[in-house]
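Heads up, the thing below is written out as structure tokens.
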Amino acid sequence: MSTLKSRLDVVEQKISEAASNSGRSRDDITLVVVSKNNPAQMVLDLAEIGVSNFGENRDQEAKPKAAEVALAGKTVTWHFVGQLQSNKAKSALSYSSVLHSLDRPSLLDAVGKAVADRAEPLDVFIQLNLTDDQNRGGIQTQNVLGFAEQVLQTPNLRLLGLMGVAGLDVDPRVDFDRIRNSSEQLMRLAPDAKYISAGMSEDFEFAIASGATHVRIGTAITGKRPY
Ligand SMILES: *Cc1c(COP(=O)(O)O)cnc(C)c1O
């Protein structure tokens, strides 16, 4: 518990510094702690010390974890950050409040059906594919506006903005700037879609410098994942 607290404190300090270095407020940035491959108890421990947003990338793992956390009486917000199979959309959206990985038209169809009867819209990010490989998940930057129009036409979805993962073999600043450029274009079409989900343990300070509003941080807080 104390190790978790000290790692969380270090990350919090870095988020605050990165925000203030860019003339931004810490309050404009949401920390999503990625709890994948860690047990529900760690989520409860982190909730105890003030974390309220958690990210998961596999429905099979996240669903029972979310149920366990709810059973323990903790209310947290779950963010789905991984590639989602269309046939798992309904299940994942039964506990997730924010989908960061809306990455293809077929998933949009499935998500649209899953949220059709909702009273409140679901928050979604469009995930960008920042590589040249068409087979990777995500929308190529040149196709973002067309896909965004489809999202905006789907009832019960609230388009928050764009999500991206920096490539392994490139300077993350280059990829984060590309996300920012796409975000500026998107905001001309949808002024409210102003949020950017970018930045992980190794690169979140660069992401904040490029305008990230949601950082998805795992190992820097949870430690090495046990499985
Ligand atoms: C695992 C994961 C993260 C967190 O990665 P760390 O390097 O552990 O911070 C963030 N985003 C996505 C989409 C992930 O799958």
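Positions are given from 1 along the sequence. Owing to the predicted nature of the structure, the values given are computational and were not obtained by experimental measurement. Each ligand, and each atom within it, is numbered from 1 in the order the structure gives.
Rounded to the nearest 0.5 Å, atoms CZ (Arg104) and CG (Asn143) are 15.5 Å apart. Rounded to the nearest 0.5 angstrom, His214 NE2 and Leu31 CG are separated by 10.5 Å.
A single hydrophobic cluster is seen to contain both Phe80 and Val124, as judged by linkage of ILVMFWY side chains at heavy-atom distances under 4.5 Å, directly or through other members.
Evaluated by nearest non-hydrogen atom to atom 7 (O) of ligand 1, the leading choice among Ser201, Gly223, Gly218 is Ser201.
Counting non-hydrogen atoms of neighbouring residues, nucleotides and ligands closer than 6.0 angstrom, the CD atom of Gln185 exceeds 12 such neighbours.
Using a 4.0 Å cut-off between heavy atoms, His100 makes no contact with ligand 1 at all.
For atom 5 (O) of ligand 1, the closest non-hydrogen atom of the protein is Met200 CE, 3.7 Å. Looking from atom 13 (C) of ligand 1 to the surrounding protein, the closest heavy atom is Val81 O, 3.3 Å. For atom 11 (N) of ligand 1, the closest non-hydrogen atom on the protein side is Arg216 NE, 2.9 Å. In terms of protein heavy-atom proximity, atom 2 (C) of ligand 1 is nearest to Lys36 NZ, 2.7 Å.
The Ile217 neighbourhood of ligand 1 comprises atoms 9 (O), with distances under 4.0 Å to a heavy atom of that residue. Of all the atoms in ligand 1, the ones that sit under 4.0 Å from a non-hydrogen atom of Thr219 are 6 (P), 7 (O), 8 (O), 9 (O).
Between Lys74 and Glu48 there is a salt bridge, since a side-chain N of the basic residue sits under 4.0 Å from a carboxylate O of the acidic one. Lys113 has no carboxylate O lying under 4.0 Å from a charged side-chain N of Asp109, or vice versa, which leaves the two without a salt bridge.
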